[in-house]
There are 2 protein chains.
Amino acid sequence: MISSEVRDRIVETADELYNARGFQAVGMDELRAAARVSLKRCYQEFPSKSAIVLAVLEHRHRAWTEGLDALVRTADTPRGRLLAIFDYLARWFCEDSFRGCGFINSFAELGAVSPEVADYARKHKESFQHYVGDLAEAAGAPSYLAPQLSILAEGAQATAAIAGSPEAAGQARRAAEVLIDTALREGVSGAA
Amino acid sequence: MISSEVRDRIVETADELYNARGFQAVGMDELRAAARVSLKRCYQEFPSKSAIVLAVLEHRHRAWTEGLDALVRTADTPRGRLLAIFDYLARWFCEDSFRGCGFINSFAELGAVSPEVADYARKHKESFQHYVGDLAEAAGAPSYLAPQLSILAEGAQATAAIAGSPEAAGQARRAAEVLIDTALREGVSGAA
DNA sequence: AAATATAGAGAACGTTCGTTCTCAAGACAA
DNA sequence: TTGTCTTGAGAACGAACGTTCTCTATATTT
């Protein structure tokens, strides 16, 4: 069997299980069984469980980033692209498997004990903030807007996860409209 | 030795250790040693580790809520009281021990596996939203403002924790000013 | 002072988990 | 066919954890 195929199956299965129940709650044997792979094969593909965790984070980052970008590209105004972020959240929060941001969760569970996990979470969030920054700059907004919208998005994720309801996405979206319109009204002067 | 004194020492020590490294990473023996209590005594005060975890959440809720309210009361305008929330966050984020919101963290680590923990986190967040709702109502703001500010506060906590820097508090505060002033300008009509 | 109860220290127990090892079955080469 | 190599299934191992038990020493009561 092709190595990369088994690898992908392990990572995707691990992503689902870890998302549903947490990293520490899912043992290697359960993962092995769900991925229909022998334990030996698991350790041929990955040197340790920690390596699988990091591969899952990488997988999450790619999936999330690509999904977001795909939806953002469907909007045809700079303002619409900024708001599309919150439409993406709204769609995501409605999925049955939604259990909060995987990076906030990984940081909470393992960040204090694994510098690599903490680093990966930080890099993911930085990448998101940078992405929002590009969209905001393209909209001609002052530079303070992007962190504000990023914080709104993070808060919506945490709130929706804990409340178990998706309404935070809409609330954050309406707040984002106010922040965007105010920032655009104040003009590029803040950034220039 | 007085029971409640030992109890408090266990809970406070557990709070610090769990906050610093996570619930699952801190074993009963380490907690026992740090609290200078025998293992037997631990199990006389609490029936299980899970019970300690819940007691820690209760302790966190009280400490956080009281600390917030104390600062909010020092502000002398309704608008100032709403903004004081973010000053409280700013102060908190600068503490060395800050490792993110203990309830977001507990939900991420144990929420999927312990309904009691998930419930407690949800109740804490509901209580916070209710508190913000009261402040917003007293300020004469439309009812949509409170969830927006709550989401900002949650986002600031998550962002500051992962980034490891306190600047999110100030960014969230400036966003809050815009949201508050816009909401107040639009008037009570939205709530009436 | 003797008898009893209590507390602390930490050994012990049972379980779980990550990781490695064993062994038997099958694939392939010569 | 024979020998070699790989693979999967799962037993085994060592560590860690939550919890309980043992034992000894001290306190308390009469």
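Naming: A, B, ... by sequence-line order, numbering from 1 per chain. Just so you know, these numbers use all the heavy atoms, side chains as well, and skip hydrogens, waters and symmetry mates.
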Expressed as a whole number of angstroms, how long is the span from [X]:[atom1] to [N]:[atom2]?
X: B:Lys40; N: D:dT24; atom1: NZ; atom2: P; result: 14 Å
X: A:Gln44; N: C:dT20; atom1: CD; atom2: C1'; result: 13 Å
X: A:Leu31; N: C:dC17; atom1: CG; atom2: P; result: 13 Å
X: A:Glu30; N: C:dG18; atom1: CD; atom2: C1'; result: 14 Å

Task: Summary of protein contacts for nucleotides 14-19 of chain D, nucleotide by nucleotide, where a base hit scores B, a sugar-phosphate-only hit scores S (4.0 Å, heavy atoms) - done: ----SB
Task: By ring pair (Phe, Tyr, Trp, His ring centres under 6.0 Å) - contacts of B:Tyr43 (at least two apart) - done: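 Scan of B:Tyr43 (ring pair (Phe, Tyr, Trp, His ring centres under 6.0 Å), adjacent residues dropped) gives none.
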Open item on the list: Check for me whether the distance between the ring centres of B:Phe128 and B:Trp64 falls short of 6.0 Å.
Closed with: yes
With a 4.5 Å limit on heavy-atom distance, are the side chains of [X] and [Y] in contact?
X: A:Glu154; Y: A:Lys125; answer: yes
X: A:Arg79; Y: A:Leu82; answer: no
X: B:Phe107; Y: B:Val117; answer: no

Open item on the list: Can you tell whether the side chains of B:Glu45 and B:Arg9 come within less than 4.0 Å, N to carboxylate O?
Closed with: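 No, no charged N to carboxylate O under 4.0 Å.
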